[in-house]
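Working notes for the structure below.
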2 protein chains.
Amino acid sequence: VEKGDQAQLTELMEPLHAADIADLLEQIGHVDRESLIRLYDHEFDGEILSELDESIREDVISILAPQVLADAVRELESDDVVDLIEDLEEPQQETILGALAETDRLAVEQAMSYPEGSAGRLMQREVVMAPAHWNVGQAIDYMRSNEHMPDQFYHVILVDPRMHPVGNVTLGKLMGARRTVPLLDLTEEMFHVIPATQDEEDVAYAFNQYHLISTPVVDDEGRLAGMITIDDAMAVLDEEHEEDIMRLAGVGDESSLSDSVAETVKRRLPWLAVNLLTAILASLVIALFEDTLSRFVALAVLMPIVASMGGNAGTQSLTVAVRSLATRDLTGANVWRVIRREVLVGLLNGVVFAVTMGVVGVIWFGSPQIGYVIAVAMVINLAVAGLAGTVIPVMMDKMGVDPALASGTFVTTVTDVVGFFVFLGLAGMVLL
Amino acid sequence: VEKGDQAQLTELMEPLHAADIADLLEQIGHVDRESLIRLYDHEFDGEILSELDESIREDVISILAPQVLADAVRELESDDVVDLIEDLEEPQQETILGALAETDRLAVEQAMSYPEGSAGRLMQREVVMAPAHWNVGQAIDYMRSNEHMPDQFYHVILVDPRMHPVGNVTLGKLMGARRTVPLLDLTEEMFHVIPATQDEEDVAYAFNQYHLISTPVVDDEGRLAGMITIDDAMAVLDEEHEEDIMRLAGVGDESSLSDSVAETVKRRLPWLAVNLLTAILASLVIALFEDTLSRFVALAVLMPIVASMGGNAGTQSLTVAVRSLATRDLTGANVWRVIRREVLVGLLNGVVFAVTMGVVGVIWFGSPQIGYVIAVAMVINLAVAGLAGTVIPVMMDKMGVDPALASGTFVTTVTDVVGFFVFLGLAGMVLL
């Protein structure tokens, strides 16, 4: 199809949603992408741009003819345009801003004046508001006569004369009430206002915690500046999760499948370098016991087992701690209880595997001493794993560092060092 | 406060949202929880129950007086009741079902007849629908006269005479239109219908991908059975993420901070046992080379570095693959491109660290051969890590197994075995 039949292509693409077209563009190579876009650009929808991954988006924007790009961008709401351009290079930003109508451009520029990752960047400026003293009939008449209503909205925001939001009325309540009922009688019990400078992570948390659908955003003086809807919050939540999971694995935050090989190498190299340093640290511990090792090679065979079990148990505790910190289930109120629990769990699991490995050690190497040494090392290392796996992320969080970031490396360093040290050290004492 | 002052407690709890009270109940111990609930139960809200973690929920339900429980449950919408009881034991389920009004109980029982984790369990049966031939005025009059409207709804679902949904009209459009406009002229372009048997994961994907707000659910015959709203989809998305991240770490799916020590040990033990088996496998590989090791103890010092770097690089590739599979960015169309990229990235990172470790090896042990051996082993192991980190989750996905589940253990087993084998094998050839 990609060899020239524009009519057929359009027919094929017609039923697809913008998000699906974006996925399609992401999954094909650059050359196919270019020819596909050239054939399809008479229908190119701004929403496709919104849905694209950052790196592909730049590519697509550079392929699109300026006129097509301008048309595509003009259809979007202000928050989508902000989302679109905030990751672009200067010249591409200028092109898109230039394509917008004057008022839209100002709106976008104002949103861009808020810090990255804040509610101000996330909000759309298109809101439906009404003076707090209106009644249902007045609100409905106003909406009927207003041509420029947002595509999707769920609340009418009530404002006082100084433009401070004072309540939300859901459209459902508005519909169901008689025309004479004052709007103030219909406001929702749960009313949450978000400052424009609030971190988007906190915004997503509030939506998830309080089951919000849309909520007003206010500027420094408490005046209504825009609103955030649940679909934006859902997107942020999705990104935060992605970030957590990627950071836990030591992959760059914003890495995506469409990154080039060079970009990917660049993103992952630093994490591997950190890991190399910590692995060398563990090796130095082993080197302390070269003497013992040279006499009992069996120790070299068994030592990775102790380290590996510790690493795994530590990662388990760490993951639970990182998630609990992210969902705010782990707080100052229960941190000691959680630490105690993790250490206890480590001890108990340690005892189970100590017995197992003790038996294996005796059978494999015919030496009760080796069985005894690996058993004790296992208990100690798994208890340390529970401790380190909880304390390290909690400390990072206290210091204002994202606990997902590289804490895995620290935890496995601790379990490696402790595992090798205890196992080889004990062996040295018992066997020599 | 928890020592008897009911009035003051009520005053303190009054401004709190149900979700916050639930968090509070989760963070205190069982004894405090019991006394707090006994003091507060005259105000106990059904939503608090919905917000609680499963294990705490059972505890709270057993503490609550039957009458309080009945009152609390009766306020909830049908989907919340389903969510509440599906994880409870039989007797508690009966208690709650018994407390419901007849029609509500039937609704809940019908929902429970759908398989766990399906759209049918997720949907609420309270919907606002209108015959497709109505106009705006008829719809508004109907809503004004209907006493039992859902608390939150965003669309009027249009149905044909056989109750098949044919379109969605947003309340915003309805408000803005004149009374004589036919509803069919206002339907949304994007209309997505979900079968009640669809997996909730697919439901969440559809909401996220197509920015849905609420969408009708149909039964086997295509008749309207209920609707799912975005806040439910957001909760599912959140759970799926949680599941992914927990499974990747080898922690049981539904583990939570409030699990007891015994439960936690039980959940984590199987994963550690799998890890023990694979660690023993790696040890067996080392044991093959006991001879070489006994002559060159330096190898025992360095071998964990090769294994650790491979494990890390493999986890990086694995995490990207698991996430891409979950977001459906990794498909049959680009799987070969992704595998090629991961192997290339592994090779390039391998070369960088091969040079580094080669130099370290020479300096540390004064032996160019050791430097050479560790360098070659590093390149091979990191390339294998890229390959295994992508191929293993893709294969698990093909076989219908969740790729997040334990694939980490398989990948690190591969990198451990390959790392030890190549490093010690090469060393045997070069040094002996």
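The structure displayed is predicted, hence computed values, not measured ones. Reminder, nothing fancy here: chain letters follow the sequence lines and each chain counts from 1.
- Heavy atoms closer than 4.5 Å to chain B are found nowhere in D416(A), neither backbone nor side chain.
- Applying the side-chain hydrogen bond (donor to acceptor under 3.5 Å, both in side chains) test to every pair with at least one member in residues 279-306 of chain B, sequence neighbours left out, gives no pairs at all.
- There is no contact between L212(A) and chain B, counting heavy-atom distances below 4.5 Å.
- Within the 4.5 angstrom heavy-atom criterion, only side-chain atoms of F420(A), from C-beta onward, approach chain B.
- With values rounded to the nearest 0.5 angstrom, T278(B) atom OG1 is found 7.5 Å from N312(A) atom CG.
- The aromatic rings of H241(B) and H241(A) lie parallel to each other, with less than 30° between the two planes, well short of the 60° mark.
- Using a 4.5 Å cut-off between heavy atoms, F353(A) touches chain B through its side chain atoms alone.
- Only the side chain of V338(B) comes within less than 4.5 Å of a heavy atom of chain A; its backbone N, CA, C and O stay farther away.
- In terms of modelled atom types and a separation under 3.5 Å, the side chain of R144(B) and the main chain of A177(A) share a donor-acceptor contact.
- Both the backbone and the side chain of N208(A) come within contact range of chain B, each with at least one heavy atom under 4.5 Å from a heavy atom of that chain.
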Show me, pair by pair, the donor-acceptor contacts under 3.5 angstrom made by side chains of residues 340-350 of chain A, not counting sequence neighbours?
{"residue": "R341(A)", "atom": "NH1", "partner": "S256(B)", "partner atom": "O", "Å": "3.3"}
{"residue": "R341(A)", "atom": "NH1", "partner": "L257(B)", "partner atom": "O", "Å": "3.3"}
{"residue": "R341(A)", "atom": "NH1", "partner": "D259(B)", "partner atom": "O", "Å": "3.0"}
{"residue": "R341(A)", "atom": "NH1", "partner": "T264(B)", "partner atom": "OG1", "Å": "3.3"}
{"residue": "E342(A)", "atom": "OE1", "partner": "S317(A)", "partner atom": "OG", "Å": "2.7"}
{"residue": "E342(A)", "atom": "OE1", "partner": "R268(B)", "partner atom": "NH1", "Å": "2.8"}
{"residue": "E342(A)", "atom": "OE1", "partner": "R268(B)", "partner atom": "NH2", "Å": "3.4"}
{"residue": "E342(A)", "atom": "OE2", "partner": "R268(B)", "partner atom": "NH2", "Å": "3.0"}

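- If you measure heavy-atom distances from A307(A) to chain B, you find no contacts under 4.5 Å at all.
- Both the backbone and the side chain of D20(A) come within contact range of chain B, each with at least one heavy atom under 4.5 Å from a heavy atom of that chain.
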(message) Between H211(B) and E51(A), is the side chain to side chain donor-acceptor pair (under 3.5 Å) condition met? List the steps.
(response) CA-CA 11 Å; H211(B) 306 286; E51(A) 302 284 348; 2.6 Å; yes
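- Within the 4.5 angstrom heavy-atom criterion, no atom of N146(B) approaches chain A.
- For A273(B), the parts lying under 4.5 angstrom from a heavy atom of chain A are both the backbone and the side chain.
- Neither the backbone nor the side chain of L318(B) comes within less than 4.5 Å of any heavy atom of chain A.
- Looking at V352(A), the atoms closer than 4.5 Å to chain B (heavy atoms on both sides) all sit in the side chain, from C-beta outward.
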